[in-house]
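Start at 1 with the first residue, then count along the sequence.
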Amino acid sequence: MSLLKLGFGLVLLLLLNSIPSESAVSSIDLGSEWIKVAVVNLKPGQTPISIAINEMSKRKTPALVAFQSGTRLLGEEALGIAARYPDKVYSHLRDMLGKSYEKVKGFLEAMYLPYDVVKDSRGAVSFRVEDGDEGGNVGLYSVEELLGMILGFAGDLAEFHSKVVVKDAVVGVPAYFGQAERRGLVQAAQLAGINVLALINEHSGAALQYGIDKDFSNGSRYVVFYDMGASSTYAALVYFSAYNAKEFGKTVSVNQFQEAVDPKKKYLTEKLHCGHSSYIKSVIVVACSDLNHVICVRCSSPLSYDSLDVKDVRWDPELGGQTMESRLVEYFADEFNKQVGNGVDVRKFPKAMAKLKKQVKRTKEILSANTVAPISVESLYDDRDFRSTITREKFEELCADLWDRSLAPLKEVLKHSGLDLDELYAVELIGGATRVPKLQAKLQEFLGKNELDKHLDADEAVVLGSSLHAANLSDGIKLNRKLGMVDGSSYGLVVELDGPDLLKDESTRQLLVPRMRKLPSKMFRSIIHTKDFEVSLSYEPDLLPPGVTSPVFAQYSVSGLADASEKYSSRNLSSPIKANLHFSLSRSGILSLDRADAVIEISEWVEVPKKNLTVENTTTTSPNITLETDTKNTTEESDEKLNSDGVTDNTSINVTEEPSTTEPITEKKLKRRTFRVPLKIVEKTVGPGMPLSEEYLAQAKRKLEELNEKDAERRRTAELKNTLEGYIYSTKEKLETTEEFEKISTDDERKSFIEKLDEVQEWLYTDGEDATAKEFQERLDSLKAFGDPIFFRYKELSARPTAIELARKYIGELQQIVQGWETKKPWLPKDRVDEVVSDADKLKSWLDEKEAEQKKASGFSTPVLTSEEIYSKVLNLQDKVASVNRIPKPKPKIEKPKKNKTETSGDNTNSADSTSGETPEKEKQTTDSDGSAEEKINPEGSADEKITPEPEKANPEPEVHDEL
């Protein structure tokens, strides 16, 4: 496993070869029981992608939130009280998103979770929580709010790990999450202050990590990712392949499956392979198709793109590690009931069941590596201890029906894909529950393999792959090239229209999003209608998300069409009025109706000045008919001018009549204009999947901010308490064991200080147990006010002699420096050198005087001479010495040479030549574009070079003077 992580780290160093950046993004793998957080941080000195560890130095954190005595606890702190207060520690919140009250109630009973829940206005579940002091307020929290607390904690882990602000994140979700779960999770992240770049299906994150360091140019492959986590199981079929280039070019414009690629920049969106591709980094694209290609910038040979296409995914949302644990819990509960007798049923006592479940989890983990495992629970019920053992064989017998059930997702994927087992390149195992030996044996038996593929980290594959996707989507991460990825919709989605005079047929109910449709996508639908109507979005009935009874997940009312029809029906309509509906399927797999327009096409005659008038067409009496296209935009200002935000396919017919000789010549145009009137959309979704309102979200965010402030104050209080306690213990130890304190403090002074320390220590363990941060700070300040002078004198006892020694040593060295200046740097100004010598003498005199005073002073009084004063004066002297030492040597003065008569005559001759019409060759080379020549001037202002004139021609040509 360590080699696996090392290899992945080396790949990341190549992938994220980029310019330094202070920004960072994160990825969150949100599981039923655990959360994992990865951070992409390009800050120098840090690993580009790393797992954020929690306060216990663990790489995964319990997905728990608890309220105890008015204090909110998260992660490891909540886990610490889970066995004692099972009714106050909230778990499995991810599995309750978007579910009805009845569904959640049954789930809680099956898991022996004694939460106080009520039904909210949506029909979903809310939790009654004592979020104040004991006997204080009782508040209601939705699943989104509690989940937002956990996501906020994950964000805090990312920021603490990276030491920078991290607000953007990609969150991994199970493929079976429907629209309600996805929208609820995005709202939970919104409450936590996290900007969700995308929700990524877990299998896509794992596939991205699998393919990031592999070469598929030698052949494509089918890989199945089999994941059994705490609460669910799925199998995803992914096709990895390489697409060969067919077109040559330096820069290629690519479609939405990839980013723009420029081979000159040596960064690409897909993995490239050729003979010279060793300097090109590798990347992966999910669900990629219709790729454009580039050529090798060195050899012009075709390059190939590595890509992966998610073909299918199937799941069992109620089969996971906790399903096996439930079998053990029931088995041991029956055994304990038999031991106790008297009709006692331990299942009726939540605390007992919480203790039992905690130990069962450990027992199951032991059975994965051993054939026999013990279980021991102290004071399980009524002060009775429970001890027992179980064999792996018995455990496998208890879960006998689960082993065949665990193969169902894999069988379904193969069935729907039409592939045989021998066509699979690998079956990669991820998820903690895949470590169970019996499950691995069943997979080996089904696949006919002796060894299963375990190239990925079972716990961290999803979060690491998701972090690469986050880096690709982030604007703040500047990579040397991006990692493209396209996910697919897990469900087929249908749109249905309903309203007055709308017939129920194929035109009003259509498949809008086929299953595995790429993300993101835009869809468009049009309907000929003149009245307001309603839009419903639903799942295909043959495949619904877990716990969903009605396929409809969103409803909208579209209004304004009737008014537009009534207003413009009297116009000369060239076609019936229709409504256009625009849908979007986001990167997170959330389908929504974005906008609706009423489309109105009108034809009308207008007179306009005739264009291209000639003598011939002014005398003709036959009409001239032409067709024109008008792309003008119009807006509604009155009844004569229609409201529009766009005009398309507008045609005009020109008719020209015989013009008058006195009147302007005009022609009639039949113009066809298309106007779009925005329609009003109001969401009317009802039921458990209904999103939280804006008002509720604002109120919930204020509540969470108040809790965050209380948590920050609680942490500050705990830190100050620990600081005060540590100060008391360390100070008492020093005063009682260090003999040097007797030299700088009196017996009464030390005794009085120890009494104050004892007094505060007694308060700390009595009245100070529930003190505030302010009180702890006041006690600490009062102790330091008494103790700081003592500790200052103690510090100076050793620091002052050291400073004096260094100062005198430097004064001695300075004499040698000045002597060196006299021989090596004689140009230094004498007054500056004398100033340095004078300051050195003053420092030496000051040291002698202060050192004598310090020897006469008592060790119990404030020091006359301090080490800080000495260092300050020495530093000032060093700065002055350095400034003098930096004075440069002056440049020697150069005398101008006297010109003789020959040189003067040559200069005059050259001057005469420069006025001739013929330009010397050297002058031509320095001639500007406008014909002027550059002059070469000696920087010293004198002629240092002799200029030899050209010999006079026998028959000189007449001079030609050009005026510039």
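Salt bridge E755/R750: absent, no basic N to carboxylate O contact under 4.0 Å. Classification of K732 and D758 as a salt-bridged pair holds, one side-chain N sitting under 4.0 Å from a carboxylate O. The pair D747-K751 fails the salt-bridge criterion, with no side-chain N (NZ, NE, NH1 or NH2) lying under 4.0 Å from an Asp/Glu carboxylate O. Here D459 does not pair with K36 in a salt bridge; the nearest charged N to carboxylate O distance is not below 4.0 Å. A salt bridge links D848 with R808: the distance from a Lys NZ or Arg NE/NH1/NH2 to an Asp or Glu carboxylate oxygen falls below 4.0 Å.
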Subject >> Chi angles and distances behind the side-chain contact (heavy atoms from CB on, under 4.5 Å) call for L828, R832 >> reply: CA-CA 7 Å; L828 295 179; R832 297 290 300 276; over 6 Å; no
Subject >> Working for salt bridge (charged side-chain N to carboxylate O under 4.0 Å, His left out), residues E769 and K721 >> reply: CA-CA 9 Å; E769 283 290 342; K721 183 178 180 180; 3.3 Å; yes
Original post:
Going through the distances and angles, do D767 and E762 end up as a side-chain contact (heavy atoms from CB on, under 4.5 Å)?
Top reply: CA-CA 8 Å; D767 298 337; E762 183 180 358; over 6 Å; no
Original post:
side-chain contact (heavy atoms from CB on, under 4.5 Å) between K842 and S838: does it pass, once the steps are laid out?
Top reply: CA-CA 6 Å; K842 291 178 182 179; S838 175; 3.7 Å; yes
Original post:
When you look at Y85 and S69, which way does the side-chain contact (heavy atoms from CB on, under 4.5 Å) test go after all the steps?
Top reply: CA-CA 11 Å; Y85 304 100; S69 300; over 6 Å; no
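Within a 6.0 Å sphere centred on CD of E805, other residues, nucleotides and ligands contribute 12 heavy atoms or fewer. Within 6.0 Å of the CD atom in E759, the count of heavy atoms belonging to other residues, nucleotides or ligands does not exceed 12. Other residues, nucleotides and ligands contribute more than 12 heavy atoms inside 6.0 Å of the NZ atom of K703. Sparse packing is recorded around CG of D770, with 12 or fewer heavy atoms of other residues, nucleotides or ligands lying under 6.0 Å away. With a 6.0 Å radius and a threshold of 12 heavy atoms from other residues, nucleotides or ligands, K743 has its NZ atom at or below the threshold. Residue E778 places its CD atom among more than 12 non-hydrogen atoms of other residues, nucleotides or ligands, all under 6.0 Å distant. In F860, the CZ atom is crowded: over 12 heavy atoms of neighbouring residues, nucleotides or ligands sit closer than 6.0 Å.
Residues I804 and L806 are not in side-chain contact: their nearest non-hydrogen atoms beyond the backbone lie 4.5 Å or more apart. Side-chain contact check for T738 versus Y794: some heavy-atom pair is nearer than 4.5 Å. Looking only at side-chain heavy atoms (C-beta outward), E733 and Y729 stay at 4.5 Å or farther from each other. Put simply, the side chain of I51 reaches to within 4.5 Å of the side chain of V463, judged on heavy atoms. No side-chain heavy atom of V65 sits under 4.5 Å from any side-chain heavy atom of F127. No side-chain heavy atom of S376 sits under 4.5 Å from any side-chain heavy atom of Q359. V170 is listed as a side-chain neighbour of L473, based on a closest heavy-atom distance under 4.5 Å. Side-chain atoms of L30 and L185, non-hydrogen and from C-beta on, do get closer than 4.5 Å to each other.
Contact detail for P114 and P86: the closest heavy-atom pair is CD-O, 3.9 Å. For A83 against K358, the heavy-atom pair with the smallest separation is CB-CD, 4.5 Å. Contact between A169 and I194 at its shortest, heavy atoms only, is CB-CG2, 3.8 Å. When all heavy atoms are compared, the tightest approach of A154 to V37 is CB-CG2, 3.7 Å. In plain terms, the two heavy atoms of T717 and T772 that are nearest each other are CG2-C, 4.1 Å. Considering every non-hydrogen atom in both Y115 and V89, the closest pair reads OH-O, 2.6 Å.
Taking CD1 of I811 as the reference point, atom CG of L843 lies at 4.0 Å (rounded to 0.5 Å). Atom OG of S883 and atom CD of E835 lie 8.0 Å apart (nearest 0.5 Å). Expressed to the nearest 0.5 Å, how far CG of L704 lies from CZ of R702 amounts to 12.0 Å. Atom-to-atom distance recorded for K784:NZ and T731:OG1 is 9.0 Å, nearest 0.5 angstrom. Note: Q761 CD to E725 CD = 8.0 Å, rounded to the nearest 0.5 Å. Remark: H469 NE2 to L464 CG distance equals 15.0 Å, nearest 0.5 Å.
Not one N or O on the side chain of E159 forms a donor-acceptor pair closer than 3.5 Å with the backbone of V165. Judged purely by atom type and a 3.5 angstrom limit, E76 has no side-chain atom pairing as donor or acceptor with the backbone of M56. Although no hydrogens or angles enter the test, the distance criterion places no donor-acceptor pair under 3.5 Å between the side chain of N885 and the main chain of V881. When atom types are taken as modelled, the side chain of S474 and the backbone of A471 share no donor-acceptor pair closer than 3.5 angstrom. Put simply, the side chain of D116 never gets that close to the backbone of R128: no donor and acceptor are under 3.5 Å apart. W827 places a side-chain N or O within 3.5 Å of a backbone atom of I887 that can act as its donor or acceptor partner. The backbone N or O of I744 sits less than 3.5 Å from a side-chain atom of R793, completing a donor-acceptor pair. A distance-only check finds no donor-acceptor pair linking the side chain of T47 to the backbone of S50 [under 3.5 Å]. Between the side chain of S467 and the backbone N or O of V39 there is no donor-acceptor pair closer than 3.5 Å. Distance alone, capped at 3.5 Å, places no donor-acceptor pair between the S752 side chain and the E749 backbone.
E145 and Y696 share a side-chain donor-acceptor pair at under 3.5 Å. Side-chain N/O atoms of N54 and R59 include no donor and acceptor closer than 3.5 Å. Side-chain N/O atoms of Y871 and T866 include no donor and acceptor closer than 3.5 Å. Using modelled atom types, one finds no donor on one side chain facing an acceptor on the other under 3.5 Å when comparing S867 with R800.
Partners of R779 according to the side chain to side chain contact (heavy atoms under 4.5 Å, CB included) rule, which considers only residues two or more places apart in sequence or in another chain, are L724, V760, W763.
Both the sub-6.0 Å distance and the 45° axial angle are not jointly satisfied by K88 relative to the ring of Y90.
You'll find the ring centres of F67 and Y141 inside the 6.0 Å limit. Checked against a 6.0 Å centroid threshold, the rings of F741 and F791 count as neighbours.
Put simply, the residue from E709, E77, E719 that forms a salt bridge (charged side-chain N to carboxylate O under 4.0 Å, His left out) with R714 is E77.
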